[in-house]
There are 2 protein chains.
Amino acid sequence: MAQGSARSEAKRAQIRHGATRVFLAEGFAGATTDAIAKAAGVSKQTLYVYYRSKEQLMVDVLGSLLARLNRDHAVLEGERSVDSLPALRATLVELASEVLEAVSGSDYLALARVIIADSPRVPEIGRLWAQTITGGIRLVVAGLLERAREAGVVVVDDVEAATRLLTGGLLTYVLPDGIVAVDGPVAAPDRERVERIVDMFLRAIT
Amino acid sequence: MAQGSARSEAKRAQIRHGATRVFLAEGFAGATTDAIAKAAGVSKQTLYVYYRSKEQLMVDVLGSLLARLNRDHAVLEGERSVDSLPALRATLVELASEVLEAVSGSDYLALARVIIADSPRVPEIGRLWAQTITGGIRLVVAGLLERAREAGVVVVDDVEAATRLLTGGLLTYVLPDGIVAVDGPVAAPDRERVERIVDMFLRAIT
DNA sequence: TCCAAACCGTACTGTTCAGTTTGATTCTGC
DNA sequence: GCAGAATCAAACTGAACAGTACGGTTTGGA
């Protein structure tokens, strides 16, 4: 049954992919199993062979999305220079731009909307979100600030507070602003504004 | 019909009050009209005399909550001294503490959850939220910073960016952290941490 | 070529729920 | 008290939908 298992995994991915589109577009309550089966190109019967219930399917979908986002964010950590103030500035601006672009995408916002809405019903997903995604970004920033502090580039006694200040100041464009702005594009800050915010932040810790 | 109208308004408020509890606890999809009628101490029939549909009822409930929050926030604007750096600092710390306390309440978080979840379906509520609540807080802070700038207490060229930095840095404890933390209390920052964040922020604009 | 497993489409079941209907009961002003 | 309005409780209707049953079709290995 080695092949059977491999084929099963492919089908499972196919179902997950279709379900992802429907869940992100319609939310949990709005997504019907008929629509999911159709979007996945699969009969409803097959869907219930692979997943015990609609709820379990959603947990798998959200978990997979979070895992992928988490892998993407891990990449952000890479080699970033913080040895001098100009280097730290460039690093922060670059990182902020990347994160903001990723996080302003309609997929990310839809995911956030679904997770926030259903976190009372599926608490572990909410916890996963807080610990991996938003927490993950903060971890990267905190790591950079820590290294910059050790290098004597900045003076900051409370790294956690400083991290909050920067990430919060930037992400406020997305959350709460973007998440309720359904019509029209999300007003993510342009690069110039990001630079001004980073500069202002740096003035606080130098 | 003056009395009839008055009595109608009382009943309407009674229904709205009961519906508020159910909507905040269960969300739109989870709230049944039977539960709302029971919570309001009203027959379902009467409910449909006062409101054409469940959706219209929710719009009224959310609109009323937002209007009340908005009135509360208007109070925050009051007379605040920004004539000197210590005065500005005290003002900001005080304001931040008040806002954070209000915004960490489970009612506020439940409201935010409902609005975020249903903003795709009822866009005007999302817009109202963005413009009045979060936008309102920013307006107050921006006003304070503007006055402080004119008084020569601080140096800030981009008031909007500075406002984002402070409010974002503080509200990040609530959104996204608090909103997905269903179990356990929200980890709102204590006063000491608020002071550290404000101090750090002030260093950026002095 | 054959067989068995996987899959498909469709129709069905049981339930939940918004909104309505009915018919009785309680207020309110006069 | 007494009309007339407002309200109540409970049953009903119709639609939506999660999950299942069924009978036919494809697929892939021996």
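These numbers come from a predicted model, not from an experiment. Numbers restart at 1 for each chain; the letters A, B, ... are given by sequence-line order, proteins then strands.
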Enquirer: Whether the side chain of A:Lys54 and the base of D:dG19 hold a donor-acceptor pair under 3.5 Å is what I'd like checked.
Expert: no

Enquirer: Can you tell which of C:dT21, D:dA18, C:dT20 lies closest to the side chain of B:Lys44?
Expert: C:dT20

Enquirer: Between the side chains of A:Asp118 and A:Arg121, is the shortest nitrogen-to-carboxylate-oxygen separation below 4.0 Å, so that they form an ion pair?
Expert: yes

Enquirer: Using atom CD of A:Glu55 as one end and atom P of D:dA18 as the other, report the distance to the nearest whole Å.
Expert: 12 Å

Enquirer: From NZ of B:Lys11 over to C1' of D:dA6, roughly how many Å is that when rounded to an integer?
Expert: 9 Å

Enquirer: Name the residue from B:Val114, B:Val174, B:Val180 that meets the side chain to side chain contact (heavy atoms under 4.5 Å, CB included) definition with B:Leu109.
Expert: B:Val174

Enquirer: So, is A:Tyr51 close to the D:dG19 phosphate, meaning a side-chain N or O under 4.0 Å from OP1 or OP2?
Expert: no

Enquirer: Distance check: side-chain N/O of B:Thr33 vs OP1/OP2 of C:dA18, anything under 4.0 Å?
Expert: yes

Enquirer: Assign A:Gly30 to base, sugar-phosphate, or nothing according to its heavy-atom contacts below 4.0 angstrom with the strands shown.
Expert: nothing

Enquirer: Taking CD from A:Glu26 and P from D:dA16, how many angstroms apart are they, rounded to a whole number?
Expert: 15 Å

Enquirer: Need one value for B:Val49: base, sugar-phosphate or nothing, where a base atom within 4.0 Å counts as base even if backbone is also close, heavy atoms only.
Expert: nothing

Enquirer: May I ask you to say what B:Ala31 touches in the nucleic acid, namely base, sugar-phosphate or nothing, with a heavy-atom cut-off under 4.0 Å?
Expert: sugar-phosphate

Enquirer: Quickly work out the B:Tyr48 OH to D:dC8 C1' distance and round it to whole Å.
Expert: 16 Å

Enquirer: Hey, is the side chain of B:Tyr50 poking within less than 4.0 Å of OP1 or OP2 on D:dA6, counting only N and O atoms?
Expert: no

Enquirer: Check if the side chain of A:Gln45 and the base of D:dT20 share a donor-acceptor pair of N or O atoms closer than 3.5 Å.
Expert: no

Enquirer: May I have the distance from A:Lys38 (atom NZ) to D:dC17 (atom P), rounded to whole angstrom?
Expert: 14 Å

Enquirer: Which whole-number value in Å describes the distance from A:Asp34 CG to C:dT10 C1'?
Expert: 11 Å

Enquirer: Only distances under 3.5 Å count here; give the side-chain donor-acceptor pairs of residues 90-106 of chain A to other protein atoms, sequence neighbours excluded, each with its distance to 0.1 Å.
Expert:
unit_1	atom_1	unit_2	atom_2	d
A:Thr91	OG1	A:Ser81	O	2.6
A:Thr91	OG1	A:Ala87	O	3.0
A:Glu94	OE1	A:Arg191	NH2	3.1
A:Ser97	OG	A:Val93	O	2.9
A:Ser97	OG	A:Arg191	NH1	3.4
A:Glu98	OE1	A:Arg80	NH2	3.1
A:Ser104	OG	A:Leu100	O	2.6

Enquirer: Of B:Val122, B:Ile133, B:Leu66, which meets side chain to side chain contact (heavy atoms under 4.5 Å, CB included) against B:Leu128?
Expert: B:Leu66

Enquirer: Counting only side-chain nitrogens and oxygens, does A:Thr46 get under 4.0 Å of the OP1 or OP2 atom of C:dC7?
Expert: no

Enquirer: Take the protein atom CZ of B:Arg12 and the nucleotide atom P of D:dA6, then report the distance between them rounded to whole Å.
Expert: 13 Å

Enquirer: Just the rounded figure in Å: distance from P of C:dG19 to CD of B:Gln56.
Expert: 10 Å

